[in-house]
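Chain letters run A, B, ... following the sequence lines, proteins first, then strands; residues in each count from 1. Side chains included, hydrogens not; waters and symmetry mates left out as well; all remaining heavy atoms used.
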Amino acid sequence: MLDLKLIRENPELVKKAAERKNEKKCRVDLIIELDNRRREIIREVEQLKSERNRVTSEIARKKKTGEPADDIIEDMRRLGDKIQELDNQLRELDAELNKELAWVPNIPHESVPVGADETANIVVRQWGEIKEPGFKVLPHWEIGEKLNLMDLSAAARISGSGFYLLKGAGARLQRALINYMLDMHQADGFIEICAPFIVSAEAMFGTAQLPKMDDDMYKTEGDGLYLVPTGEVPFTNIYRQEIISHDILPLYLVGYTPCFRREAGAAGKDTRGLLRVHQFDKVELVKIVRPENSYEEFENLVKQAEKVIQGLGIPYRVSLLSTGDMTFASRKTYDIEIWSAGVAKYLEISSISTFEDFQARRMNCRFRDEEKKVRFVHTMNGSGVALARLIPAILENYQNEDGTITIPKVLRPYLKGETKIG
RNA sequence: GGAGAGGUGGCUGAGUGGUCGAAAGCGGCGGUCUCGAAAACCGUUAUACCCUUUGGGUAUCCAGGGUUCGAAUCCCUGCCUCUCCGCCA
């Protein structure tokens, strides 16, 4: 949510941002008009209320002294009707205005490259060396089935297409990865959270999955609750509707969650094996910080996610997303793409975004600073990282010519010291 | 799922339908005192919005409706918390 004042004062800036993010449901002119009408009514109704408050205390005084007040009570009855009518109009306008405001995307940061899609993204750094394996590396879905680490047809039997099932060493590998990541982040000051995986529409609105992504979410039938599409939702919403004290900031949160996504209309590209599925697991990083150090915290958050992959020794690169490739709520986003030896290309494994106060406004999450001033917090998050992309990367980058998988050194303590799968 | 109790400011906690944005206490902040601190005493201590913005106004006692000239107070609905019973990993 943007500050209504900002929209009022800089409508062109907001329009340009919406255009660059390709957000067609953002209607700035309508918002300005609703806002003007709203303020007009507020002015009128508040004047009437002021009148009512004045006369009402006069009535109280007269009643006390026993003076008659019937005539002004009659006047007030009419005034009350008028106030109610205006209040109703105001309520409707507010609802309409809020509905429109919910569709105004965040404004991309000045440093974000302007462009229509991912072709305008800028690779900001690269890490690790891509080595020529010297043999034909099997893609993860082949080596995975061969070594009995996963069973995609079983998953289809259970749930339909777009699901995966890990078993044996595959399932244990995932658990090892989760623990490796949680331990690492915790050692770097992140507080581990285990939060609900099913959340309210309000929480989904808070982090701005709603209203835009409604069709991409799994929704429960009777209760109108949503299955989390990312740990971002429960973790960021922890302090929704709260005024928190400055001395608990910055908050670094980490946790494991499954992620549920309908992926409506995503068929085709990069969908084989675990690459695009309706349920995957993720370790998520969330920071809630004061505005002052927001961007320093953000850059460090990117590095925190990179550290996971560096520990595993797999090449990756970091890209700064262009305006057209960013999400609705984001002010600035980096993607981390990991090298996939099986398909010989980089695959997105983490997306790190900062929102400044965009989510905080939607959640109404604020903090009280040293001067007792109440201000919006800044929020940001990043995958740290997605398992459904990390497992393929390991199965492919650690594949040996004899069809076995070497277990990365950092994971061995989590796998009883084993060094090899297969 | 059933029965009951309750939701008031940063916290605890008063509040007969009419000077109640709300007593009191605690905490916080400022001051007096002190070499300094504690204690004591004095003062201060919410948020959002609107406007003709050193000022004025409106709203907010869980949320949303309603009754009324007037609601923290009365009525309805919802949400949440607690207690007991049932069910249950």
Side-chain angles (χ1 to χ4, degrees), chain A residues 1-9 31-102 194-206 210 220-226 234 237-249 251 258 290-291 357-358 360-377:
Chain A
M1 193 93 82
L2 292 180
D3 186 1
L4 185 54
K5 266 195 213 108
L6 177 93
I7 302 175
R8 193 186 293 155
E9 284 159 18
I31 287 168
I32 302 278
E33 192 195 319
L34 290 170
D35 176 48
N36 284 336
R37 261 159 58 200
R38 176 179 150 272
R39 281 188 296 160
E40 219 169 278
I41 293 177
I42 286 174
R43 218 176 309 149
E44 196 180 346
V45 78
E46 286 191 349
Q47 213 171 343
L48 297 182
K49 282 180 179 174
S50 172
E51 168 78 359
R52 179 175 68 184
N53 288 344
R54 195 178 58 74
V55 176
T56 274
S57 46
E58 201 184 316
I59 292 172
R61 195 178 49 78
K62 287 195 173 180
K63 291 259 175 180
K64 218 169 244 169
T65 58
E67 287 176 64
D70 292 354
D71 50 337
I72 47 177
I73 285 178
E74 186 52 41
D75 286 350
M76 285 306 101
R77 187 171 290 144
R78 277 196 296 273
L79 187 65
D81 290 347
K82 180 75 186 154
I83 287 172
Q84 183 158 48
E85 192 193 315
L86 288 173
D87 266 342
N88 286 340
Q89 279 181 37
L90 196 58
R91 217 177 2 251
E92 275 169 43
L93 269 175
D94 269 337
E96 206 178 331
L97 184 60
N98 284 331
K99 211 175 83 195
E100 293 300 329
L101 282 174
C194 179
F197 301 154
I198 303 180
V199 300
S200 66
E202 287 79 9
M204 291 285 270
F205 181 87
L210 287 181
T220 67
E221 187 117 356
D223 317 285
L225 295 171
Y226 290 81
N237 273 287
I238 289 176
Y239 294 100
R240 190 171 70 86
Q241 296 279 358
E242 294 282 319
I243 298 173
I244 55 184
S245 167
H246 65 85
D247 53 25
I248 67 165
L249 297 178
L251 276 162
R290 332 175 38 121
D357 62 7
F358 190 82
R361 284 177 188 282
R362 294 171 88 96
M363 296 190 296
N364 199 22
C365 175
R366 295 167 297 170
F367 75 103
R368 199 181 296 276
D369 69 13
E370 290 83 349
E371 276 86 54
K372 304 272 227 164
K373 279 203 61 148
V374 175
R375 295 151 66 194
F376 285 109
V377 297

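Among the heavy atoms of the strands, none lies under 4.0 Å from A/Arg54. Using a 4.0 Å heavy-atom criterion, one finds that A/Gln84 contacts the sugar-phosphate atoms exclusively.
Put simply, CG on A/Asp94 is 15 Å from P on B/A59, counting in whole angstrom units. The distance between atom CD of A/Gln241 and atom P of B/U60, rounded to the nearest whole Å, is 17 Å. A/Glu242 places its CD atom 12 Å from the C1' atom of B/G10, with the value rounded to the nearest Å. In this structure, the CD atom of A/Gln47 is 11 Å from the C1' atom of B/U52, given to the nearest Å. Rounded to a whole Å, the NE2 atom of A/His246 is 12 Å from the C1' atom of B/C29. Taking atom NZ of residue A/Lys82 and atom C1' of nucleotide B/C69, one finds them 18 Å apart after rounding to whole Å. Computed from coordinates, the A/Leu90 CG to B/G64 P distance equals 13 Å when rounded to whole Å. The distance from atom CG of A/Leu97 to atom P of B/C50 is 11 Å, rounded to the nearest whole Å.
Atom C1' of B/A37 sits at a distance of 15 Å from the matching atom of B/U32, rounded to the whole Å. The C1' atoms of B/G27 and B/A46 are separated by 15 Å, rounded to the nearest whole Å. The separation of B/A63 from B/C29, taken at their P atoms, amounts to 30 Å, rounded to a whole angstrom. B/A59 and B/G21: their P atoms are spaced 9 Å apart (whole Å). Taking the C1' atoms as reference points, B/U60 lies 22 Å from B/U53, given to the whole Å. When the P atom is used for both B/C35 and B/U45, the distance is 31 Å, rounded to whole Å. The C1' atoms of B/A72 and B/U8 are separated by 7 Å, rounded to the nearest whole Å. When the P atom is compared between B/C11 and B/G65, the two are found 25 Å apart, to the nearest whole Å.
Each of A/Ile42 and A/Lys373 was assigned the nucleotide of RNA chain B with the nearest heavy atom; the assignment lying further toward the 5' end belongs to A/Lys373. The nearest heavy atom of RNA chain B to A/Glu51 and to A/Lys5 marks one nucleotide each, and the one closer to the 5' end goes with A/Lys5.
Listed candidates were B/U47, B/C49, B/C69. Nearest to the side chain of A/Val374 is B/U47. When each of B/C50, B/G10, B/G65 is scored by its nearest atom to the side-chain atoms of A/Arg368, the top-ranked nucleotide is B/G10. Out of B/C69, B/C50, B/G65, the shortest distance to the side chain of A/Arg91 is found at B/G65. Here the side chain of A/Lys63 is nearest to one of B/A48, B/C69, B/C50, namely B/C69. In this structure, the nucleotide among B/C50, B/A59, B/G57 sitting nearest to the side chain of A/Ser50 is B/G57. For A/Thr56, the side-chain atoms get nearest to B/G18 when compared with the rest of B/A59, B/C50, B/G18. For A/Ile59, the side-chain atoms get nearest to B/C69 when compared with the rest of B/G65, B/U58, B/C69.
Listed pair A/Asn53 / B/G18 fails the phosphate criterion, with no side-chain N or O lying under 4.0 Å from OP1 or OP2. The shortest distance between the side-chain N/O atoms of A/Arg52 and the OP1/OP2 oxygens of B/G70 is below 4.0 Å. Taking only side-chain nitrogens and oxygens, A/Arg77 never comes nearer than 4.0 Å to OP1 or OP2 of B/U68. Proximity of A/Arg8 to the phosphate of B/C50: a side-chain N or O atom is located under 4.0 Å from OP1 or OP2.
One distance of note links CG of A/Asp75 with CD of A/Glu51; it measures 9.0 Å at 0.5 Å rounding. The line from NE2 of A/His246 to CD1 of A/Ile244 is 11.0 Å long, rounded to the nearest 0.5 Å.
For the residue pair A/Cys365 and A/Tyr239, the shortest heavy atom distance occurs at SG-O, 3.4 Å. For the residue pair A/Met1 and A/Arg361, the shortest heavy atom distance occurs at O-CD, 3.0 Å. Shown here for A/Met76 and A/Arg52, the closest heavy-atom pair between the two residues is SD-CA, 4.1 Å.
Taking a cutoff of 4.0 Å between a charged side-chain nitrogen and a carboxylate oxygen, A/Arg290 and A/Asp369 do not qualify as a salt bridge. Between A/Asp81 and A/Arg77 there is no salt bridge, since no side-chain N of the basic residue sits under 4.0 Å from a carboxylate O of the acidic one.
Across all strands shown, B/G10 pairs with B/C26; the Watson-Crick or G-U wobble distances both stay below 3.5 Å. Under the Watson-Crick or G-U wobble criterion, with both distances below 3.5 Å, B/C84 is paired with B/G2. Pair check for B/A89 finds none; no Watson-Crick or G-U wobble contact set falls under 3.5 Å. In a base pair of the Watson-Crick type (N1 to N3 plus N6-O4 or O6-N4) or a G-U wobble (N1-O2 and O6-N3), with each distance short of 3.5 Å, B/U67 is matched with no nucleotide. Partner assigned to B/U16 is none, using Watson-Crick or G-U wobble distances below 3.5 angstrom. Base-pair partner of B/A46: B/U60 (Watson-Crick or G-U wobble, both distances under 3.5 Å). Nucleotide B/A37 forms a pair with no other nucleotide shown, judged by Watson-Crick or G-U wobble geometry with both contacts under 3.5 Å.
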- Determine, step by step, whether A/Arg91 and A/Asp94 satisfy the salt bridge (Lys or Arg N to Asp or Glu O under 4.0 Å) criterion, reporting the C-alpha distance in whole Å, the side-chain angles of both residues, the deciding distance to 0.1 Å, and the verdict. CA-CA 5 Å; A/Arg91 217 177 2 251; A/Asp94 269 337; over 6 Å; no
